[in-house]
There are 2 protein chains.
Amino acid sequence: MATSGDHLVLIIEDEQPIRRFLRASLTNEGYRLNEAASGEEGLRVAASYPPDLVLLDLGLPDIDGQQVLRRLREWLAAPIIVLTARDQEQQKINAPDAGADDYVTKPFATGELLARMRTALRHAQPAGPQSSAVCIGDLRFDLAARLVFKRESLIHLTPLEYKLLVTMLKHAGKVLTHRFLLREVWGPESSQETHYLRVFVASLRRKLEDDPARPRYLLTEPGVGYRFAAE
Amino acid sequence: MATSGDHLVLIIEDEQPIRRFLRASLTNEGYRLNEAASGEEGLRVAASYPPDLVLLDLGLPDIDGQQVLRRLREWLAAPIIVLTARDQEQQKINAPDAGADDYVTKPFATGELLARMRTALRHAQPAGPQSSAVCIGDLRFDLAARLVFKRESLIHLTPLEYKLLVTMLKHAGKVLTHRFLLREVWGPESSQETHYLRVFVASLRRKLEDDPARPRYLLTEPGVGYRFAAE
DNA sequence: AACTGTCTTAATGAAATCTTGACGCCCCCC
DNA sequence: GGGGGGCGTCAAGATTTCATTAAGACAGTT
């Protein structure tokens with residue numbers, strides 16, 4: 001019987017033959033699989049279905065594999081094993097620094113890969129109850145990891161956008177005056193600069209709302225301030 | 001018998017002897033424990049198992065203890081007690097500003113630490129989601145959130161409408177003269193403009209009363225002013 | 001030095017709110 | 001019966017506030 005314990009593995013690999021080979025080997029071992037043929041897709045899938053382990057090919061067509069690695073590591077605790085071709089051997093040296101847990105040179109033996117996967121999974125965090133997430137509507141806030149999701153897809157926020165959003169979230173349901181928000185986010189000396197708020201609320205709406213012109217979460221209280229809809 | 005009420009305590013401390021000492025003292029008192037030997041690990045564990053109290057050593061090897069404090073405070077409401085070595089005494093001054101609830105200088109007596117922990121836990125969230133709501137008839141006023149409901153549905157009020165309504169609510173049951181209301185809401189220089197009052201009382205009635213022509217809450221006192229029905 | 005991402009600032013049109021005036025009603029007094 | 005004052009309603013500007021876009025400033029990186 002398989003010893004994989006039903007782990008979900010994400011394969012990010014552009015070459016279809018290798019994907020097919022991995023699919024055969026791993027499903028046979030009892031792993032559940034997700035596959036992505038590009039870096040962008042990999043990031044998207046990882047955000048939607050957080051994997052227990054990632055197999056990442058560094059030689060991707062669209063964006064730099066190293067960058068995928070970094071962006072995954074920003075929030076994903078699961079182990080990442082890098083697949084690297086022999087002629088990319090120099091890159092191997094960089095991989096561990098950038099957050100990979102192990103690397104395997106192509107071509108590789110099935111047994112070796114499986115062994116390294118088992119090791120990585122054993123060393124991994126005992127996968128506690130993922131996170132302290134707050135859900136409102138189709139938004140999910142993982143405050144500890146500083147991540148915001150909309151319907152399972154990760155939303156990128158700039159530092160100030162994030163700070164403003166968290167401030168409103170902490171007082172969800174209440175009307176917050178312009179002055180209060182400006183003091184909290186920008187500091188007391190900017191408490192008159194209401195146009196800062198307008199710009200940043202607009203950009204948050206563009207990222208979080210289905211219809212930014214008719215917001216569901218970030219509501220305007222004309223003449224007073226803003227309010228984050230409690231539910 | 002322990003008085004800890006089964007609280008979960010997270011210890012973020014790199015020096016193993018101190019961790020061991022704390023483990024002995026605290027488990028003996030009936031606390032449940034989580035331990036982390038670095039800042040990064042502390043943040044991760046806190047996210048996975050939200051603690052009721054955090055003991056944080058500021059002298060950590062990987063990332064600045066102050067930064068750990070800030071990042072915890074972004075989302076964690078539980079009290080945080082900072083442990084600081086005597087030679088880091090200057091940092092103590094900054095700690096409270098950055099969100100610590102208390103600090104203890106190493107070396108410390110067990111009794112003192114336990115006392116401070118009890119205090120912190122007692123002070124934690126003394127009040128739940130205290131709804132400072134006032135109900136009158138089928139109206140509900142949540143002054144903290146600046147929201148007004150009529151039979152569970154939210155009523156939108158403009159700034160002046162709201163200010164007028166709150167002024168009348170503060171003196172509910174009493175007859176308020178035109179001059180008084182105008183001074184309170186519009187300022188002393190508009191105390192003759194009784195016309196303002198008529199317009200805004202009318203618009204409040206339209207929004208709050210079942211039958212604006214026969215008001216139940218916003219009553220006219222002919223020749224004198226208005227009165228908000230006490231009940 | 002160019003680049004990337006972020007923040008500030010300015011400018012424009014749109015929306016909401018406030019002010020103001022006109023009109024009708026009712027009651028009471030002349 | 002007529003007239004006047006207090007009150008309620010409506011609606012048209014005038015004013016303030018808001019949303020959106022885009023261009024410049026700035027910092028950190030490559």
Side-chain angles (χ1 to χ4, degrees), chain A residues 63-67 69-71 74 91 94 97-98 146 148 154-165 168 175-179 181-182 184-187 189-227, chain B residues 146 155-165 175-179 181-182 184-187 189-227:
Chain A
I63 49 177
D64 181 20
Q66 302 277 350
Q67 197 187 330
L69 193 51
R70 266 196 306 278
R71 294 193 45 189
E74 283 176 4
Q91 299 198 350
N94 298 327
D97 305 46
R146 290 168 162 270
V148 177
L154 183 61
I155 305 291
H156 172 75
L157 298 179
T158 70
L160 276 183
E161 285 169 358
Y162 183 80
K163 198 169 176 187
L164 174 59
L165 182 61
M168 297 186 70
V175 177
L176 306 174
T177 64
H178 298 128
R179 207 175 54 245
L181 288 170
L182 286 163
E184 287 288 310
V185 177
W186 277 267
E189 60 283 354
S190 304
S191 63
Q192 306 299 116
E193 317 278 338
T194 59
H195 53 277
Y196 288 5
L197 272 180
R198 300 218 181 84
V199 171
F200 276 80
V201 167
S203 104
L204 278 176
R205 280 180 178 151
R206 207 176 321 120
K207 293 181 179 181
L208 300 180
E209 301 279 1
D210 286 318
D211 181 357
R214 225 127 6 93
R216 174 180 163 198
Y217 303 108
L218 294 160
L219 308 179
T220 301
E221 297 287 336
V224 185
Y226 293 91
R227 176 166 59 94
Chain B
R146 210 213 96 116
I155 305 294
H156 172 76
L157 299 179
T158 70
L160 278 181
E161 286 168 357
Y162 184 79
K163 200 169 174 187
L164 174 59
L165 181 61
V175 177
L176 305 174
T177 64
H178 297 132
R179 202 172 62 245
L181 287 170
L182 286 162
E184 287 287 309
V185 177
W186 276 266
E189 60 282 357
S190 305
S191 63
Q192 306 302 117
E193 317 277 339
T194 60
H195 195 69
Y196 290 2
L197 272 180
R198 297 209 188 88
V199 172
F200 277 82
V201 167
S203 118
L204 278 175
R205 281 179 178 152
R206 208 176 319 121
K207 292 181 178 180
L208 299 180
E209 302 279 2
D210 286 318
D211 181 358
R214 228 132 359 98
R216 175 181 162 196
Y217 304 108
L218 294 159
L219 308 179
T220 302
E221 296 288 337
V224 185
Y226 294 92
R227 177 165 60 94

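The chains referred to below are lettered A, B, ... by the order of the sequence lines, with proteins before strands, and numbering in each begins at 1. All heavy atoms count here, side chains included; hydrogens, waters and symmetry mates do not.
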Would you compute the distance between atom [atom1] of [X] and atom [atom2] of [Y] and round it to the nearest 0.5 angstrom?
X	Y	atom1	atom2	value
A/R205	A/R214	CZ	CZ	12.5 Å
B/T177	B/E184	OG1	CD	9.5 Å
A/H156	A/K207	NE2	NZ	5.5 Å
B/L208	B/E161	CG	CD	8.5 Å
B/L157	B/K163	CG	NZ	14.5 Å

Would you tell me if any nitrogen or oxygen in the side chain of B/W186 comes within less than 4.0 Å of OP1 or OP2 on C/dC18?
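No, because none of the side-chain N or O atoms of B/W186 sits under 4.0 Å from OP1 or OP2 of C/dC18.
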
Quick check on C/dC18: is either OP1 or OP2 less than 4.0 Å from any side-chain nitrogen or oxygen of B/Y196?
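No.
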
d([atom1], [X]; [atom2], [N]) in whole Å:
X	N	atom1	atom2	result
A/H156	C/dT4	NE2	C1'	11 Å
A/Y162	C/dT6	OH	C1'	18 Å
A/H178	D/dT16	NE2	P	16 Å
A/R214	C/dA15	CZ	P	12 Å
B/L164	C/dC18	CG	C1'	14 Å
A/L157	C/dG5	CG	P	15 Å
A/K207	C/dG5	NZ	C1'	10 Å
B/E209	D/dG8	CD	P	12 Å

Between D/dC18, C/dT6, D/dC7, spot the one nearest the side chain of A/T220, thanks.
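Of D/dC18, C/dT6, D/dC7, D/dC18 is nearest to the side chain of A/T220.
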
Closest to the B/H195 side chain: C/dT20, C/dC18, C/dT17?
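Nearest to the side chain of B/H195 among the choices is C/dT20.
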
Suppose we screen for side chain to side chain contact (heavy atoms under 4.5 Å, CB included). Which residues come up paired with A/R198, at least two apart in sequence or across chains?
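Partners of A/R198 under the side chain to side chain contact (heavy atoms under 4.5 Å, CB included) test: A/T194, A/H195, A/Y226.
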
Residue whose closest nucleotide on DNA chain D lies nearer the 5' end, B/G225 versus A/V224
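It is B/G225 whose nearest nucleotide is closer to the 5' end.
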
Looking across every strand, which nucleic acid part, if any, lies under 4.0 Å from B/T194 by heavy atom: base, sugar-phosphate, or nothing?
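The residue B/T194 makes no contact with any strand.
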
Heavy atoms only, 4.0 Å cut-off, all strands: where does A/Y226 land among base, sugar-phosphate and nothing?
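Answer is sugar-phosphate: A/Y226 comes under 4.0 Å of backbone atoms only.
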
Would you jot down, in residue-number order, the residues of residues 197-206 of chain A having a non-hydrogen atom under 4.0 Å from DNA chain C?
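Heavy-atom contacts with DNA chain C come from A/V199, A/F200.
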
Please give me the minimum heavy-atom distance between B/E209 and B/Y217, naming the atom from each residue.
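Heavy atoms of B/E209 and B/Y217 come nearest at OE2-N, 2.8 Å.
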
